[in-house]
Trainee: 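Right, I'll just put the structure down here and ask away after.
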Amino acid sequence: QLQLVESGGDLVQTGGSLRLSCAASVGTLEYLAVGWLRQAPGKEREGVACISSVGDRTNFADAVKGRFTISRDNAKNTVYLQMNSLKPEDTAVYHCAVQYYDCPTDVSGYADLQHWGKGTLVTVSS
């Protein structure tokens, strides 16, 4: 059974940067597209970014385009979310999840991703 562990969340000031990691503690990310989703207090979960299994395709929510990038190192069984120019509205618990091969065509499809990790908290102070 695949188990995902997110890390890298922290308290950061507006305009700062963080890099989140999603690692498979049990199983492998090979053949799996990996998506990041976030949930802020009192808000619905929303898709953030996704990368295909071989890393050749990515997609991003409009709210993070131009600020966030996503990458993967299959040798390390890890996917990274680089977050720059952070804003207070980026504050949330960030989770990663997966599906085979390719990302959902739209962020609204991220809800169908599987094997969610417990998440890592990102807090952006104003």
Trainee: Check V48 against V64 and note the closest heavy-atom contact, atom names and distance.
Mentor: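 Scanning both residues, the minimum pair turns out to be O-CG2, 3.6 Å.
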
Trainee: So which heavy atom on A49 is nearest to which on L81, and how close?
Mentor: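 Smallest heavy-atom distance, with atoms named: CB-CD1, 4.0 Å.
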
Trainee: Please determine whether residues V98 and Y101 belong to a single hydrophobic cluster, defined as Ile, Leu, Val, Met, Phe, Trp and Tyr linked transitively by side-chain heavy-atom distances below 4.5 Å.
Mentor: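 In one cluster with V98: Y101, yes.
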
Trainee: For W36 versus C22, what's the shortest heavy-atom pair and its separation?
Mentor: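 Reported closest heavy-atom pair: CZ2-CB, 3.5 Å.
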
Trainee: Is a donor on one side and an acceptor on the other found under 3.5 Å between the side chain of T91 and the backbone of V124?
Mentor: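 Yes, because the side chain of T91 sits within donor-acceptor range (under 3.5 Å) of the backbone of V124.
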
Trainee: Can you list everything that forms a salt bridge (charged side-chain N to carboxylate O under 4.0 Å, His left out) with E46? Sequence neighbours excluded, please.
Mentor: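 Only R38 meet the salt bridge (charged side-chain N to carboxylate O under 4.0 Å, His left out) criterion with E46.
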
Trainee: To the nearest 0.5 angstrom, please state how far the OG1 atom of T28 sits from the CG atom of N77.
Mentor: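 That separation rounds to 4.5 Å.
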
Trainee: Identify whether Y94 and Y110 are in the same connected component of the hydrophobic contact network (ILVMFWY, side-chain heavy atoms under 4.5 Å).
Mentor: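 No: no chain of side-chain contacts under 4.5 Å links Y94 to Y110.
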
Trainee: Kindly work out whether a path of hydrophobic side-chain contacts (I/L/V/M/F/W/Y, heavy atoms less than 4.5 Å apart) joins L18 to Y80.
Mentor: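 No.
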
Trainee: OG/S25 to CG/L2 distance, rounded to the nearest 0.5 angstrom?
Mentor: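 The OG atom of S25 sits 7.5 Å away from the CG atom of L2.
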
Trainee: Within this structure, what is the OG-NZ distance for the pair S7 and K118, rounded to the nearest 0.5 Å?
Mentor: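 Output value for this atom pair is 14.0 Å.
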
Trainee: Checking N74 side chain against Y31 main chain: does a donor-acceptor pair fall under 3.5 Å?
Mentor: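 No; judged by distance alone, with no hydrogens or angles, the pair does not exist.
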
Trainee: State yes or no: do L113 and V5 share one hydrophobic cluster built from I, L, V, M, F, W and Y residues joined by side-chain heavy-atom distances below 4.5 Å, directly or via other members?
Mentor: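 No; tracing contacts between hydrophobic side chains, which count when under 4.5 Å, never links both residues.
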
Trainee: Only counting residues at least two apart or in another chain, list the ones meeting salt bridge (charged side-chain N to carboxylate O under 4.0 Å, His left out) with R45.
Mentor: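 R45 satisfies salt bridge (charged side-chain N to carboxylate O under 4.0 Å, His left out) with no other residue.
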
Trainee: So which heavy atom on E6 is nearest to which on G117, and how close?
Mentor: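 Where E6 meets G117 most closely, the heavy atoms are OE2-CA, 3.1 Å.
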
Trainee: Where is the tightest heavy-atom contact between S125 and T14, given as atom of each residue plus distance?
Mentor: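 Minimum heavy-atom separation between S125 and T14: O-OG1, 2.7 Å.
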
Trainee: Rounded to the nearest 0.5 Å, what separates atom CD1 in I51 from atom CG in D102?
Mentor: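 Going from CD1 on I51 over to CG on D102, the span is 10.5 Å.
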
Trainee: Do R57 and C103 have side-chain heavy atoms sitting under 4.5 Å apart?
Mentor: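 Sidechains of C103 and R57: no contact.
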
Trainee: About how many Å separate OG of S126 and NZ of K87, when rounded to the nearest 0.5 Å?
Mentor: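 Here the interatomic distance stands at 14.0 Å.
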
Trainee: Which atom names give the shortest non-hydrogen contact between S17 and N84, and what distance separates them?
Mentor: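 Nearest heavy atoms, S17 then N84: OG-OD1, 2.9 Å.
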
Trainee: Would you confirm whether R72, through its side chain, and S52, through its main-chain N or O, come within 3.5 Å as a donor-acceptor pair?
Mentor: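 Between the backbone of S52 and the side chain of R72 there is a qualifying donor-acceptor contact (under 3.5 Å).
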
Trainee: If we only count heavy atoms from C-beta on, is the M83 to D90 side-chain gap below 4.5 Å?
Mentor: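 No, too far: nothing below the 4.5 Å cut-off.
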
Trainee: Check whether any side-chain heavy atom of L4 sits under 4.5 Å from a side-chain heavy atom of L29, and report yes or no.
Mentor: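 Side chain of L4 against side chain of L29, heavy atoms only: contact under 4.5 Å found.
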
Trainee: CG of N59 to NZ of K65: how many Å apart, nearest 0.5 Å?
Mentor: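 Result: 8.0 Å between the selected atoms.
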
Trainee: Are Y100 and V34 linked, directly or through intermediate hydrophobic residues, by side-chain heavy-atom contacts shorter than 4.5 Å (ILVMFWY only)?
Mentor: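 Yes, because V34 and Y100 connect within a single hydrophobic cluster, where side-chain heavy atoms sit under 4.5 Å apart.
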
